[in-house]
Amino acid sequence: MKIVVNGQERAFAASVTVAALLDELGMAGKRVAVEVNQEIVPRSRHMEFQLNDSDRVEVVYAIGGG
């Protein structure tokens, strides 16, 4: 299975969840926003949301400040 993450193609042996992807990217537990195919995936769905072949994923850090 191949997905595009922040513009870079990545290959996976099997289907993966958003949570597993974040873990692999070293972003688990961090304040990030995830978009799959231009749709925001709420944090509450990261554990269950299955990614599919050819999905386009954007992951951005949430930065606060003023």
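Throughout, residue positions are numbered sequentially from 1 according to the sequence presented. The figures here come from the full heavy-atom set of this structure, side chains too, leaving out hydrogens, waters and symmetry mates.
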Step-by-step side chain to side chain contact (heavy atoms under 4.5 Å, CB included) determination, Asp53 to Lys2: CA-CA 5 Å; Asp53 193 41; Lys2 292 182 182 178; 3.9 Å; yes

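A donor-acceptor distance shorter than 3.5 angstrom exists from the side chain of Asn6 to the backbone of Val59, with no hydrogens or angles considered.
Closest heavy-atom contact between Asp55 and Asn52: OD2-N, 2.7 Å.
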Using a 3.5 Å cut-off and no angle test, enumerate the donor-acceptor pairs between side-chain atoms of residues 39-51 and protein atoms at least two apart in sequence or in another chain.
from: Arg43; atom 1: NH2; to: Lys30; atom 2: O; distance (Å): 3.4
from: Arg45; atom 1: NE; to: Glu48; atom 2: OE2; distance (Å): 3.1
from: His46; atom 1: NE2; to: Val41; atom 2: O; distance (Å): 3.2
from: Gln50; atom 1: OE1; to: Ser15; atom 2: OG; distance (Å): 2.6

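For the atom pair CD1 of Ile3 and CD of Gln8, the computed distance is 12.0 Å after rounding to the nearest 0.5 Å.
The side chain to side chain contact (heavy atoms under 4.5 Å, CB included) check on Arg10 picks up Val5, Phe12, Glu24, Leu25, with sequence neighbours excluded.
Under the 4.5 Å side-chain heavy-atom criterion for grouping Ile, Leu, Val, Met, Phe, Trp and Tyr, Met1 is connected to Leu21 within one hydrophobic cluster. The hydrophobic cluster containing Val34 also contains Met27, counting ILVMFWY residues as joined when their side-chain heavy atoms lie under 4.5 angstrom apart, directly or transitively.
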